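The structure appears right after this line, and notes come after that.
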Protein chains: 2
Amino acid sequence: MPLGSSTPPPYESDDGGRAAPRARTRPLYRQVRHLLLESLRRGEWMPGTAIPSETELAVRFQVSQGTVRKAIDELASENLLVRRQGKGTFVATHQEPRAQYRFLRLLPDDGTPAATSSRFLECCPQRASAQLADRLGLRTGAPLMYVRRVLLFGDWPRVLDDIWLPAGPFGGLSAERLAQYKGPLYGLFESEFGVRMIRAVEELRAVPSTAEDSAALQVAMGTPLLRVDRVSYTYGDRAIEFRRGHCVTNDCHYWNRLA
Amino acid sequence: MPLGSSTPPPYESDDGGRAAPRARTRPLYRQVRHLLLESLRRGEWMPGTAIPSETELAVRFQVSQGTVRKAIDELASENLLVRRQGKGTFVATHQEPRAQYRFLRLLPDDGTPAATSSRFLECCPQRASAQLADRLGLRTGAPLMYVRRVLLFGDWPRVLDDIWLPAGPFGGLSAERLAQYKGPLYGLFESEFGVRMIRAVEELRAVPSTAEDSAALQVAMGTPLLRVDRVSYTYGDRAIEFRRGHCVTNDCHYWNRLA
DNA sequence: CAGTGGTCTAGACCACGTG
DNA sequence: ACGTGGTCTAGACCACTGC
């Protein structure tokens, strides 16, 4: 049954309450976008794999290809999907080198980044303080996993990260799995725990180095450090990580583009 | 004459070199986008005013309305144009409050920003050092205007900005005009000097407060400050400003969204 | 009511990747 | 040769704005 000029849109049809001033129906492509997001959230398509073609999706949702296209356009512009001409549309993944530097904004001053590596100092269960619970959208005392690591540029320690994760999805985390895994942490979250990080909000400050910072980063006490607080989210605005990084910025910097 | 299926695209036509492997023609909507950018750069439409309607532009460029639409979509997503349903498409301006906080990323910790104000300390000609020249894409020794100001949140000084501008467009700048102007600096650049800032790149570091910083910001010497280096650009990737800010981050923070 | 941008459709052809 | 996404067109109708 063809839709279009003479038939009403297939979703969120008109009736229901008679004269009730119903909420205006969202555009079709927004509804399609929502359905795609639901499928992503449910894990119907795994990171790195192709989703159905535009024509297939058009049939499934009973809309035109152009409408599916517009929905996918939005998701691609948010880096949730990746289009590849001639091949298909793929679920974005933290495994591709392409996605690496979207969330690693600290760069050496001299151009290209040296090889980065992690050294994990700690990994243990913890209870959420009121502040942590607030940031993660949990109750005070909720079970968390706590991780401490140092990030090195070449051989030099440059970031000391304290990371808190909800124990729900991340209960199985251990020092061994962390040490064993190569690649970015978000890649591990995605492939080992089925939690895909899609966006984050950061707050930056300059703070003096504490004794702990100084020991881990090999700088004098009181040295100004860049403190980066980050809350990461997965599908549906669900917080999945709070991270506090202390960064040495003598030979590197945090870069940002404003547009 | 209708274009489309049986006729070649109107721009960048096919011929020229016979079998020469000509550079592949850019998509039509990209060419339209380029033409629109040229008109913006030339000042054909001033900030805050409406550009011609999509149908008008389609006639002017001899393409379909959909193609114009796609070009405008891109420029709108880059915040160069602003669509307003029922009214038209407008050239973005730094005057609207909407654009204010795109380039002011330092916020008080307690939610909404108090009234910000500027106090100008200096405004004088200067010659470009090698480093400044490099950042601004000028020759060493090129004439610049130098401005120093303090930005206050409520009554408290929070940012000390050193700003360098090419004397070409900004030769007429003076302490009086700065003091007299109300609103964001980029608004002044746009309305008084015809230079519209459209994007910027920043590098952030933590540094100890110097004597000068401390005097202007009323903090102890050595206090960690957030140093923000910014190069701003106008149409055509032309640098129009280098700015170095030193920010107190005890009761405020630099925020950023990663996606 | 006329004009603007916003949505939706349908169909053609192109460019790319794979078999 | 085939299927994918990418471009381009044409035309319909909707939603908002302002006269």
Side-chain angles (χ1 to χ4, degrees), chain A residues 1-14 21-34 36 45 49-59 61-77 81-92, chain B residues 1-14 21-34 36 45 49-77 81-91:
Chain A
M1 177 184 82
L3 306 163
S5 37
S6 56
T7 53
Y11 299 103
E12 296 186 356
S13 58
D14 210 307
R22 65 179 164 81
R24 199 166 56 269
T25 67
R26 285 172 300 166
L28 248 192
Y29 75 91
R30 288 278 183 186
Q31 301 175 49
V32 169
R33 176 197 142 99
H34 183 259
L36 292 172
W45 311 302
T49 66
I51 71 172
S53 73
E54 294 178 353
T55 52
E56 257 178 282
L57 290 169
V59 170
F61 298 138
Q62 288 291 291
V63 300
S64 79
Q65 193 206 350
T67 298
V68 171
R69 186 166 188 77
K70 188 155 185 183
I72 291 179
D73 277 344
E74 282 202 355
L75 296 173
S77 80
L81 297 176
V82 178
R83 294 172 169 291
R84 290 193 210 132
Q85 184 171 155
K87 303 182 70 172
T89 301
F90 298 76
V91 182
Chain B
M1 176 185 80
L3 305 165
S5 38
S6 55
T7 52
Y11 299 104
E12 296 186 358
S13 58
D14 210 306
R22 66 180 163 78
R24 200 166 53 269
T25 68
R26 283 172 301 166
L28 248 190
Y29 75 91
R30 287 278 182 186
Q31 301 175 48
V32 170
R33 176 198 142 98
H34 183 259
L36 292 172
W45 312 303
T49 66
I51 71 172
S53 73
E54 294 179 355
T55 52
E56 257 178 281
L57 290 169
V59 171
R60 180 201 294 201
F61 298 137
Q62 288 291 291
V63 300
S64 78
Q65 192 205 352
T67 298
V68 171
R69 187 165 188 76
K70 187 156 185 181
I72 291 180
D73 277 344
E74 282 201 355
L75 296 174
S77 79
L81 297 176
V82 178
R83 294 172 168 292
R84 290 195 209 131
Q85 185 170 153
K87 303 182 71 172
T89 300
F90 297 76
V91 181

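In this text, all values refer to a predicted model and were calculated from it rather than measured experimentally. For the numbers below, each heavy atom of this structure counts, side chains included, while hydrogens, waters and symmetry mates do not. Chain naming here is simple, since letters A, B, ... match the order of the sequence lines and numbering starts at 1 in each.
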Side chain proximity check, [X] to [Y], heavy atoms < 4.5 angstrom:
{"X": "A:Ile72", "Y": "A:Ile51", "result": "yes"}
{"X": "A:Leu36", "Y": "A:Phe61", "result": "yes"}
{"X": "A:Thr89", "Y": "A:Leu75", "result": "no"}

Quick one: [X] [atom1] to [N] [atom2], roughly how many Å, whole number?
{"X": "B:Arg30", "N": "C:dC14", "atom1": "CZ", "atom2": "P", "value": "21 Å"}
{"X": "B:Leu57", "N": "C:dT4", "atom1": "CG", "atom2": "C1'", "value": "12 Å"}
{"X": "A:Gln62", "N": "C:dC8", "atom1": "CD", "atom2": "C1'", "value": "14 Å"}
{"X": "B:Gln65", "N": "D:dG11", "atom1": "CD", "atom2": "C1'", "value": "10 Å"}
{"X": "A:Leu28", "N": "D:dC14", "atom1": "CG", "atom2": "C1'", "value": "12 Å"}
{"X": "B:Glu56", "N": "C:dG5", "atom1": "CD", "atom2": "C1'", "value": "13 Å"}
{"X": "B:Asp73", "N": "C:dG5", "atom1": "CG", "atom2": "C1'", "value": "10 Å"}
{"X": "A:Arg33", "N": "C:dC8", "atom1": "CZ", "atom2": "P", "value": "14 Å"}

Using a 4.0 Å cut-off on heavy atoms, which residues in residues 82-92 of chain A reach DNA chain D? List them by number, or say none.
A:Arg83, A:Arg84, A:Gln85, A:Gly86, A:Gly88, A:Thr89
For C:dC8, does either OP1 or OP2 sit under 4.0 Å from a side-chain N or O belonging to A:Lys70?
no
Check whether any side-chain N or O of B:Ser53 sits under 4.0 Å from OP1 or OP2 of C:dT4, and answer yes or no.
yes
Who are the side chain to side chain contact (heavy atoms under 4.5 Å, CB included) partners of A:Gln85, not counting sequence neighbours?
none
Holding to side chain to side chain contact (heavy atoms under 4.5 Å, CB included), I want the full list of residues that pass it with A:Arg69, two or more places apart in sequence or in another chain.
A:Glu54, A:Asp73, A:Arg83
Given [options], identify the nucleotide with an atom nearest to the side chain of [X].
{"X": "A:Thr55", "options": "D:dT4, C:dT7, D:dT9", "result": "D:dT4"}
{"X": "A:Arg69", "options": "D:dT4, D:dT9, D:dG5", "result": "D:dG5"}
{"X": "A:Pro27", "options": "C:dT9, C:dT4, C:dC8", "result": "C:dC8"}

Measuring from A:Thr67:OG1 to A:Lys70:NZ, what's the distance to the nearest 0.5 Å?
9.0 Å
Spacing of CD belonging to A:Gln65 relative to OG belonging to A:Ser53, to within rounding of 0.5 Å:
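Nearest 0.5 Å value for the CD-OG distance: 8.0 Å.
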